[in-house]
Colleague: 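Please find one structure pasted underneath; my questions will follow.
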Amino acid sequence: MADFHIYDLLNIDTMISIVDVGAAPNKDEPEPYQFLIDRGVARVTGFEPDQKACEVMNTRYTGSENRCFPYFIGDG
């Protein structure tokens, strides 16, 4: 049986923009929004200060609109 996602019930014509702050990759499972990327309905902008982790995320992201930047997001 295929995975069911709430997105399957929605009738959305626009792209979903996802900002992932602290985008370090999870070694054991895909990103929680990966199904949206796979369906071509989301674009991801990630921020991960660890350069190597950011490079890993850039290899995982598909499509030219998805990017991870090696910057820290914070206050102070």
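Bear in mind the structure is a predicted one, so any value in this text is a computation, not a measurement.
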Colleague: State, yes or no, whether a side-chain contact exists between Met57 and Glu48 at a heavy-atom distance under 4.5 Å.
Modeller: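 Side chain of Met57 against side chain of Glu48, heavy atoms only: no contact under 4.5 Å found.
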Colleague: Using the test side chain to side chain contact (heavy atoms under 4.5 Å, CB included), find all partners of Ala42 that sit at least two apart in sequence or belong to another chain.
Modeller: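 Listed in chain order: Ile16, Ile18, Leu36.
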Colleague: Looking only at non-hydrogen atoms, find the nearest pair between Glu31 and Asn26 and report the distance.
Modeller: OE2-N, 3.6 Å
Colleague: Between atom CG of Asp20 and atom CZ of Phe69, what is the distance when rounded to the nearest 0.5 Å?
Modeller: 13.0 Å
Colleague: Are Val44 and Val56 linked, directly or through other ILVMFWY residues, by side chains that come within less than 4.5 angstrom of each other?
Modeller: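 Cluster IDs for Val44 and Val56 differ.
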Colleague: The criterion is side chain to side chain donor-acceptor pair (under 3.5 Å); which residues satisfy it with Gln51, sequence neighbours excluded?
Modeller: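 Per chain and number, Gln51 pairs via side chain to side chain donor-acceptor pair (under 3.5 Å) with Glu55.
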Colleague: Which residues pass the ring-ring contact (aromatic ring centres under 6.0 Å, His included) test with Phe72, sequence neighbours left out?
Modeller: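 With neighbours one apart ignored, the set is empty.
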Colleague: Rounded to the nearest 0.5 Å, what separation is found between the CG atom of Asn58 and the CZ atom of Arg67?
Modeller: 5.5 Å
Colleague: Under the side chain to side chain donor-acceptor pair (under 3.5 Å) rule, collect the residues that match up with Tyr71, sequence neighbours excluded.
Modeller: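 Tyr71 satisfies side chain to side chain donor-acceptor pair (under 3.5 Å) with no residue once adjacent residues are dropped.
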